[in-house]
Asker: 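Below are the structure tokens for one structure; questions will follow.
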Amino acid sequence: MKEINSKISGFYKLSIEERQKLLTELYDLKKEEQELLKNLGYFTSTQLDTIIENVIGSYNLPIGIACNFKINNKDYLIPMVIEEPSVIAAASNSAKFARKHGGFFSDKVKSVMISQIQITQVKDLKSAKEQLISHKKEILERANEQDPVLNKLGGGAFDIEIREISTRKGKMLIVHLLVDVLDAMGANVVNTMAEAVSPYIEKFSKGIIYLRIVSNLAIHRTVKSRATFDKELLGGEEVVEGIMNAYEFALADPYRATTHNKGIMNGIISLTIATGNDTRAIEAGAHAYAALSGQYKPLTKFEIDSNGNLVGEIEIPLALGIIGGMTKIHPMARLALKILNVKNAEELCQVAAAVGLAQNVAALRALASEGIQKGHMALHSKNIAKLAGVPDDLIDEVAKKLVDANKVRVDYAKEILENILKKT
Ligand code: MEV
């Protein structure tokens, strides 16, 4: 392939079609590759162009449904967008194990976000704090002027917290503006408020303000969900014991805790994408919360009840919204929210936490019994067969042979195909 020069002046000014043409010339794209770029799915080029910059096309992923979920006595079909096989099947299974004991029970959660305002070079920290506290009402009023609708609906900025931190550039005062963002994810609204109140905060604190931005450690938006997973459905006492051992492993070892939490996020992020929410905000908040004690810990905890069943609980900050961002713009996100049938952001968070817990139990159950690869391989083997050029009508047969031989590899799929073809 010829070398390219990535300095393309005015790339952002081109239309999608012009960018596609440019790429076609640069990379000598084949007809089917050009078609791939042109296929925008359910988007129009105008829609795509208003979502991000420098758009060249649209990118598809599968969306599936996890079944069996009962959360706070209501049944849900969970839309999930993910590229990894087994995740949706595992969540559905796990939800079935909990369903026998009433399903998941998620606590109430307030949609409170934090916006941080960084004040540097404060000469008199004590007096700055006093001034800020005595002008709290005024600061909150300024903030709420930015979003009268939110305020009218019962949300808005309602408090400030002042923290003093030590840095290599000296002490700083950090003001947290606490905002009830109701059904939004909330980053936009709290950023706007923080910028608007900054001149006042600067005046009262007599310092210099730099950053004014949401904190993705949404500690006031933490969700708790718990469920009892049936011992027999899990596979018996030994499997439950295995899960408890896996939990102790994660508690003691950050290397394992990271993977443990990755399993939780398989579920939560699939739902986050499906509903058009910000996956990076959710990931960042979850992992920071996991590390808050100073050691990275699992986001779930487990115990065995008097009947030998597994009782699990998850605690995780979740800044998920049902309005704003992509939630209403993305047609599939809109449909996913309709299928999910949640009435507000709180309910979405309650569902997401339950999905995370279910996903975690499913992974630990597989790891503590037959291992994770068996489930993965069933679908993976079909992809491998496809990659090896196996025709559609022979995929199932070849995939089964790959799994049975425990050799899920392209070269072996080709060998099986040759043997089948020889016989016919
Ligand atoms: C794979 O995507 C997720 C797991 O690794 C989670 C875990 O180990 O708990 C199976």
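Ligands are counted one by one from 1 in listed order, and the atoms in each one are counted from 1 as well.
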Asker: Can you see whether E315 engages Y289 through a side-chain donor-acceptor pair at a distance of less than 3.5 angstrom?
Answerer: yes
Asker: Please work out which of Q359, E84, R365 has its closest non-hydrogen atom nearest to atom 2 (O) of ligand 1.
Answerer: E84
Asker: Hey, are T300 and H260 close enough side-chain-wise for a donor-acceptor pair under 3.5 Å?
Answerer: yes
Asker: Partners of E346 by salt bridge (Lys or Arg N to Asp or Glu O under 4.0 Å), sequence neighbours excluded?
Answerer: none
Asker: Is a side-chain donor-acceptor pair under 3.5 Å present for D230 with H101?
Answerer: yes
Asker: Just which atoms of ligand 1 are under 4.0 Å from any heavy atom in L367?
Answerer: 7 (C), 8 (O), 9 (O)
Asker: Would you indicate which of H260, R256, M265 comes nearest to atom 8 (O) of ligand 1 when only heavy atoms are counted?
Answerer: R256
Asker: Using the ring centroid of each side chain, check whether F302 and Y247 are separated by less than 6.0 Å.
Answerer: yes
Asker: Any idea which part of V87 is under 4.0 Å from ligand 1, heavy-atom wise: side chain, backbone, both or neither?
Answerer: neither
Asker: In ligand 1, which numbered atoms sit nearer than 4.0 Å to a non-hydrogen atom of K262?
Answerer: 1 (C), 2 (O)
